[in-house]
Each structure stands twice: as C-alpha cells, then as structure tokens.
There are 2 protein chains.
Amino acid sequence: MQRVRLRTAISLDGYSAGPGQSLEAPLGVGGMRLHAWVFPLAVFRKMQGMEGGEVDASTPVLERAIANLGASIMGRHMFGGAPGDESWQGWWGTEPPFHCPVFVLTHHPRKPLVLGETTFHFVTDGAEAALARAREAAGPRDVSIAGGAHTAQQYLAMGVVDELLLHVVPTVLGRGEPFFVGERDDLYGLRLVETVAAPNVTHLRFERR
Amino acid sequence: MQRVRLRTAISLDGYSAGPGQSLEAPLGVGGMRLHAWVFPLAVFRKMQGMEGGEVDASTPVLERAIANLGASIMGRHMFGGAPGDESWQGWWGTEPPFHCPVFVLTHHPRKPLVLGETTFHFVTDGAEAALARAREAAGPRDVSIAGGAHTAQQYLAMGVVDELLLHVVPTVLGRGEPFFVGERDDLYGLRLVETVAAPNVTHLRFERR
C-alpha cells in the first residue's frame, strides 16, 4: 500500500535548519551540524555518486528511508532561487539525488525541469493538488515529503503522513527554523514504533496509530 | 571523584516544561506528558514510597541517575511558592524524594527547612556559592542540579556540569520553557556517550569531553 513518508534531521532544541538560510548556507548557520552523521556513510556517498564510506547503525535506517520512493514533494524555499527566476535549477546540480518526479509547491507557474533522472514539476494549486499528483506519479511506490519545515508542517497538519522519521542530532542550534509548530497533544496521530541508537544521531520512527 | 550531574526530560521541540506553570500545573500545561514514561516504573514508585510497578529499559538508566547523589541544587521556581512566603514547604509533602540536602537559589533568606530526610537550605549569594555548599555537603557523593531550566542553564554555562542526561520524550509541546537557550556549537563541552532506547523515551547521556 502506498504510504506518505516524511523524514528530517532535528536538533535537541527542535530546529531542522539553522538561522540565516542563504545561497551560501542553504541549511542556515550551523545547520550542517544536523547532517554530520550522514556524510561519512557509504550509503549516502553512493547516493551522491561517490565511492567508499562507512557502515554503522545508521546504514539500515537510511537504506530503508531512501528505498521505494516514487515521488517527492518540496516547498519553494527548499527548491531555492528567487520567485519566478527560471534560470535557477535547484541546489543539486545536473544529477539531483531524487531520481523521481519532484513536485515543488510554488506560486509561480513554470514548465517541468528535467535534470538527469529527476523531473521537477511546479505546482501552483496547493498542497492537496501536489499530493494527488505525487500519489499518481509514484504508482505503487511511496511519496516522500522532502521539506522544508513549513511544507512538512502542512502535510502533518493535513493528517496524511503515514510515517515520520526523525534523525535526532545531539547538538543545540539555539535559533533557526523550528520543525514543529504549535501545541499538540497527539503528535499528528503518530506513535513511536522504533528507536535506533547510532553514532552521533538517534533515529526515531513514528507510524500512524 | 565527585561529579556534578544534571538530568531533564525534554520534548522533541526542546521544552522541559509546558506553558502556564502554576500551583495546579507545576510542570505547565502538557508538561506531565514529559514524565509519562517514568510513572509506571517500579524504581520510580519506590522513590515515592509505593510498591509494585514495571521494569523496562529505562530502569537501569533511572537507577543509575538517582544513585550516589549527596546534594541537590534547585531554582526558586522549582521549589515554588510566592517569594518570601515561609509557609510554603515545597511541592513534595512531608517526605520529599531527595533524601539529601537541597540548596535552593533565592533572593529571600530563610531558615533551613527540614522535611523527613531532606533539608532545604536557602542560598542568597548566588549559583557559585550554592555549588560550593552543595559540593561540601555531598562529601564523596555527586551533586545533582535538579532544575528548572533557568538554573540548569546557569550551571551549564558555568561549565561545571560533568554529566547531562536527557530523557527525550516523543511528544511536542509547542510552547513552554525551552531547556536550551542560546546558540551553541560545542554543547557546553559535553559529548554523547550513551543512547538507550526505552518505551516512550530515549535516554541520551553526555559527559564532559
């Protein structure tokens, strides 16, 4: 059965990106610390077309997280670029790591952008429409909510997220983009089903109750 | 060697207490959710003078956390009561669970308050003086920084905390008292040394580098 999956790295104080996100620091000041655990991993390096790397307790978690994805959805800030700037082709170069259709939530219509195995579709009629298109494009495979936090929040609030994977990183950012917004007592209908301790990160996996 | 130890429960969005702390809700609205994992445990019930209870992966973590403590330090909000109200005897009844000298940081001088095996000393000359007195009182045993968040921050910033134990609870409070304040890139000189996955909580233990 097709599932909607969402994962993010998050600091101990709840931020999924540092402050001052910019072209030079797309994850914000200090935001790279949230991903330090992933860079040495062989499975991550392979995603980027690099050889070598390490294997640790995060390996099966990440392998599972990137498997069976048929489409992704992201917000316009994650795609980047100035609003309406059609020369902008995203952060990821000529072979983005998605390898599937990516639906970008935006207010600016734009023709689909094909880069390697990834096609970016620009959706101007809202989060529900983007999800419907992503579900269709994914076929039997799952849909990934790629981020950022605002987009993740939209889909969590819609109650459509079947799995949430938090990579809890033992660092404090102090300011930046909070991943969770607003008071909740039900965690969006999700419940903790798995905890994996790994070097420099703890993986918490939640599923719909 | 005597150590200074600090532990707290913390939500996924970084709060160690909910909003609106009051006599009726000393942990703030929703703050009890941060402690739901601990209440069923036999080791916790025993601390409160109750029999029965459960044993799970949190048991050895909590047993270790409450062992070998010779003195505690807390802020005046954690002790509670209106400033200068000498009729207030804390939240914990006639046999508080500390069983050791407790040094309360306050601006209001007050004679020591003896309740069962616990004596509360009211320290008006600051955090460093309180620590010196707690170290002396603890003898060969450890000193616990009991909270709240403001007091914890003071001692973390002073660089005197040898061990930090975070009980990371898979819930979101949305607002309340943030445990960590200010941007950090060194986590107060601490490093993650142990992760324990347990039902409804993940324990992260940090020690001085």
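All heavy atoms count here, side chains included; hydrogens, waters and symmetry mates do not. Chain letters run A, B, ... following the sequence lines, proteins first, then strands; residues in each count from 1.
The main-chain N or O of B:N68 is never found under 3.5 Å from a side-chain atom of B:R141 such that the two would form a donor-acceptor pair.
Surrounding CD of A:E128 are at most 12 heavy atoms belonging to other residues, nucleotides or ligands under 6.0 Å away.
Ion pairing of B:R3 with B:D142 is absent here, as no side-chain N (NZ or NE/NH1/NH2) approaches a carboxylate O to less than 4.0 Å. Using a 4.0 Å cut-off between charged nitrogen and carboxylate oxygen, A:E194 and A:R64 do not count as a salt-bridge pair.
For a residue to count as touching a neighbouring chain, one of its non-hydrogen atoms must lie under 4.5 Å from one of that chain's; by this rule A:V172 touches chain B with backbone and side chain alike. Using a 4.5 Å cut-off between heavy atoms, A:L12 contacts chain B through both its backbone and its side chain. Residue A:P178 does not touch chain B at all, counting heavy-atom pairs closer than 4.5 Å. For A:L166, the part sitting under 4.5 Å from any heavy atom of chain B is the side chain, from C-beta outward, and nothing else. Neither the backbone nor the side chain of A:Y15 comes within contact range of chain B; no heavy atom of the residue lies under 4.5 Å from a heavy atom of that chain.
With respect to chain A, the highest number of heavy-atom pairs below 4.5 Å among B:L192, B:L173, B:V168 belongs to B:L173.
Ring-centre distance between A:Y188 and A:F206: not below the 6.0 Å cut-off.
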